[in-house]
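Note that the structure is predicted; figures quoted are calculated from it, not measured. The sequence lines fix the lettering, A, B, ..., with proteins before strands; numbering per chain opens at 1.
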4 protein chains.
Amino acid sequence: MDAPRRTRNGPRRSEAARVAVLRAADDLLVDSGFQAVTVGSIAERAGVSKQTIYRWWRSKIDILLDVLEEDLPDDVTSRPPGTESAQEVLTGHVTHLNRVFTRSDTGRVLFVLIGHALQDATTASALRNQVLDRRRGHARARLRNALACDAPGALPRQEADRLLDLLAGPVFHRAFMTGRPTDPLFAERLAATVLTCRQGTPLDGAPAAGPTL
Amino acid sequence: MDAPRRTRNGPRRSEAARVAVLRAADDLLVDSGFQAVTVGSIAERAGVSKQTIYRWWRSKIDILLDVLEEDLPDDVTSRPPGTESAQEVLTGHVTHLNRVFTRSDTGRVLFVLIGHALQDATTASALRNQVLDRRRGHARARLRNALACDAPGALPRQEADRLLDLLAGPVFHRAFMTGRPTDPLFAERLAATVLTCRQGTPLDGAPAAGPTL
Amino acid sequence: MDAPRRTRNGPRRSEAARVAVLRAADDLLVDSGFQAVTVGSIAERAGVSKQTIYRWWRSKIDILLDVLEEDLPDDVTSRPPGTESAQEVLTGHVTHLNRVFTRSDTGRVLFVLIGHALQDATTASALRNQVLDRRRGHARARLRNALACDAPGALPRQEADRLLDLLAGPVFHRAFMTGRPTDPLFAERLAATVLTCRQGTPLDGAPAAGPTL
Amino acid sequence: MDAPRRTRNGPRRSEAARVAVLRAADDLLVDSGFQAVTVGSIAERAGVSKQTIYRWWRSKIDILLDVLEEDLPDDVTSRPPGTESAQEVLTGHVTHLNRVFTRSDTGRVLFVLIGHALQDATTASALRNQVLDRRRGHARARLRNALACDAPGALPRQEADRLLDLLAGPVFHRAFMTGRPTDPLFAERLAATVLTCRQGTPLDGAPAAGPTL
DNA sequence: GGCTAACCGAGACGGTACGTCAAGTCTTGGC
DNA sequence: GCCAAGACTTGACGTACCGTCTCGGTTAGCC
């Protein structure tokens, strides 16, 4: 089981083609908008045949999911752990989210995919399973770590998720609904608000009452 | 331009057809999903010809915008104004938003339209101009009114918008991204948090510094 | 039932498109060979969309069947009936067949369709039902009429068909298999042979014995 | 060029693969029809790779030509030469042709190849060169031999070919065009007719006049 | 009451993209 | 060098939906 039981013959999947397709899809989306992203146009720009695309992806949405998975930047702070205050960590996270949403090419891809997910449940779950859940896991861990410094006692997973919703939601909303990005001031205040919320007493007994939360 | 220069002859627009189209589009979307909503299928289900549709709408998105405009429920509270605390008003708004997003047929329409708006700038501005801005105006007024009781002094428009983002964002995020709706407890805590944020001192001098906010 | 019970609304089938498609298919086949006859290329040359073709025909073979039905020339002799000898009628028929097979554009179409029929039973029966049977009926009638002059007594249908096979077969075989057409001398001798066969005594009692013939 | 300049290394062509391919092509054609005969399906059924096929054949038509060449039965009569009358020889040939066309698996292959030849000149000449001409040569020799008994004096080659056309044509025509096979009675009468034609005087001076015949 | 413009149903039309299929070529690693 | 496996380019296939258009029939409203 540890050894490749049988060495497969024949040509392997062309890495060059794979990369060219992902890059072509990304470029087309950024340059010309989603309606220009066609399996045919991706194939042409990537210098690849349509059939090669359909051999490895089931749809252009599938391609964009792979683009997202590869390109979506993680929230990595350069500072060593433990040297940041909780406020700084949260502010940094908000800023990171905003930057991803509004400035990166990958943000465009994310927009389109969320847009498609809102119209199609299959895309929605694929997006969650393939991309979002992992990111949410990272963010949750970071958050728990940051808050553990200030408030001793474990931060329950559900509670962490609530806080993440409070953090990400407004950034999201501003970027998507109003079209105006989150400015640094808003980021800072948002972080502070969430921290305040965390420290408030009303939460203490609450989580037990929220069954599915 | 002011006067209809000439009295028109012939029959006027058929109200029956208009309603049948809107209803057919809504039903199709709710019953069979967005990919089943085509101009042809709407026409068929409405017992109307495609030409009649294209005479009055430019695309199926246009139809859905009209559906949304007609059906999207306003946040109407049964209580007379002035008898609710700010906390109650905010909690009610959050609850209303959540109900619209997750329970109504119109929520499906809204989802789809936001999804399309994320892929197409034209749809985005149409959605904002035709539907969202008006709702936002109502919500802002309601918010200003509610907060004026507790905190004398006008609530600046930009500040009100910030608070609305704080309120709507997490509801939005939960409904869209995690797929789990907002529960009453979360609604209450969210309202409280936003109120806390409003009363905090850090905001006092701040708005002046936020240029584009 | 005699009256068109209800006048249909809407646009009728475009005769121009129909004719253009048939003509384009014929031209492509004659100019560039069968492998150049593609639904796409027909559409392009006819100035028509692919969908219009698929609305009215199920395949390019269907189109060619229509071409054949419209263009395949009948065996019409200029002479008034009764002024030709049986030999002349038969020779004329053979010459006609040969000319159709080897010289006309329609002959190319016929070749291709027979070729396809040899590979596909559906095409074979369509070809027979739509085109060949009618021609065979005409030829049979002409043959019976011609032979009735010389040999009193009705020519049974089965017998007529046998003679038609004897007549058409060799023309066919030369055109298809050897690639060399039937010359006038061969035509004359073929006709004479068939006549001889007809007058011979061996046939008299025979047809009764041939069950499925 | 005269000497194989160097003894080749490595394995020679796999006879097993060659046979498997021919057999697979034949089986597929007989079992599932021509449209099921693809290079891929042949390779799969033969347990052979596509490359191996393309190394030795240029197309699936090429394969079928080989199938035909190997399997097409010769017209071998069990009787010793000289013990059959001309009528018997001719009747036997007609019967043989009919059996090949209508009953054997190879007949299916022949049909398909003739069908393809009618659509493609290259296939037509390949079919003639590789298969048909040799068979025609055998048939011609047999015919000349048979007729020499009854009618002393050499049967010119062109004349023999004419007679072969007269013989094969109707069998062909019945099998291909009408779909009804040749019955024994028809075979006998056909042979008799051709013999009659042969013995008639009109032929004597004729061949000289037919230039390309 | 007739005229006429605008409405309506039906649905054919030119397009664009889809997703599938087969042909024929090329690449890899084993024998 | 042959072979199995199979990825690759190419190009036709047949389908779906778009948005436009053309019919014949049906109402208003004004003369």
Exercise. CG of D:Asp71 to CG of D:Asp105: how many Å apart, nearest 0.5 Å?
Worked result: 8.5 Å

Exercise. Can a salt bridge be assigned to the pair B:Arg18 and B:Glu70 using a cut-off of 4.0 Å between side-chain N and carboxylate O?
Worked result: yes

Exercise. Tell me, which of residues 14-25 of chain A have any heavy atom that sits under 4.0 Å from an atom in DNA chain E?
Worked result: none

Exercise. What closest approach, in Å, do B:Thr123 and B:Leu113 show between heavy atoms, and which atom pair accounts for it?
Worked result: CG2-O, 4.1 Å

For this session: Would you check if the side chain of A:Thr38 reaches a backbone N or O of A:Ser41 as a donor-acceptor pair within less than 3.5 Å?
Result: no

Problem set entry | For DNA chain E, the residues among residues 33-50 of chain A that have a non-hydrogen atom under 4.0 Å from it | A:Thr38, A:Val39, A:Gly40, A:Lys50

Problem set entry | Over all atoms of both residues, closest heavy-atom pair of B:Ala17 and B:Thr52 | CB-CG2, 4.4 Å

Exercise. Has the side chain of D:Thr106 got a donor or acceptor atom that lies under 3.5 Å from a matching backbone atom of D:Leu68?
Worked result: no

Exercise. Step by step, would you call A:Asp26 with A:Arg23 a side chain to side chain contact (heavy atoms under 4.5 Å, CB included)?
Worked result: CA-CA 5 Å; A:Asp26 198 357; A:Arg23 169 142 200 99; 5.7 Å; no

Exercise. E:dT27 C1' sits how many Å from A:Arg13 CZ, rounded?
Worked result: 17 Å

Problem set entry | Main-chain N/O of A:Val37 paired to A:Lys60 side chain as donor or acceptor, under 3.5 Å | yes

For this session: For the pair D:Asp31 and D:Arg45, find out whether any cationic side-chain nitrogen is under 4.0 Å from an anionic carboxylate oxygen.
Result: yes

Exercise. Cation over ring, B:Arg13 on B:Trp56, under 6.0 Å and within 45°?
Worked result: yes

Exercise. Sequence neighbours excluded, which residues qualify as salt bridge (Lys or Arg N to Asp or Glu O under 4.0 Å) partners of C:Arg128?
Worked result: none

Pairs under 3.5 Å (N/O, protein and nucleotides 1-3 of chain E):
none

For this session: Compare every heavy atom of C:Ile61 with every heavy atom of C:His116, then report the nearest pair and how far apart it is.
Result: CG-CD1, 3.5 Å

For this session: Using a cut-off of strictly less than 4.0 Å between a heavy atom of the residue and any atom of DNA chain F, enumerate the qualifying residues of residues 53-61 of chain D by number.
Result: D:Arg55, D:Trp56

Exercise. Between D:Asp66, D:Ile114, D:Leu65, D:Leu64, which is the residue that forms a side-chain contact (heavy atoms from CB on, under 4.5 Å) with D:Val109?
Worked result: D:Leu64

Exercise. Any donor and acceptor pair, going by atom type alone, linking the side chain of B:Asn129 with main-chain N or O of B:Ser125 inside 3.5 Å?
Worked result: yes

Exercise. Are C:Phe176 and C:Phe111 an aromatic pair by the rule of ring centers under 6.0 Å?
Worked result: yes

For this session: Give the angle between the helix axes at the two ends of the helix from E:dG1-F:dC31 to E:dC31-F:dG1, taking five base pairs at each end and rounding to 10°.
Result: 10°

For this session: With DNA chain F as reference, determine whether A:Pro11 or C:Gln51 sits nearer its 5' end, using the nearest nucleotide of each.
Result: A:Pro11

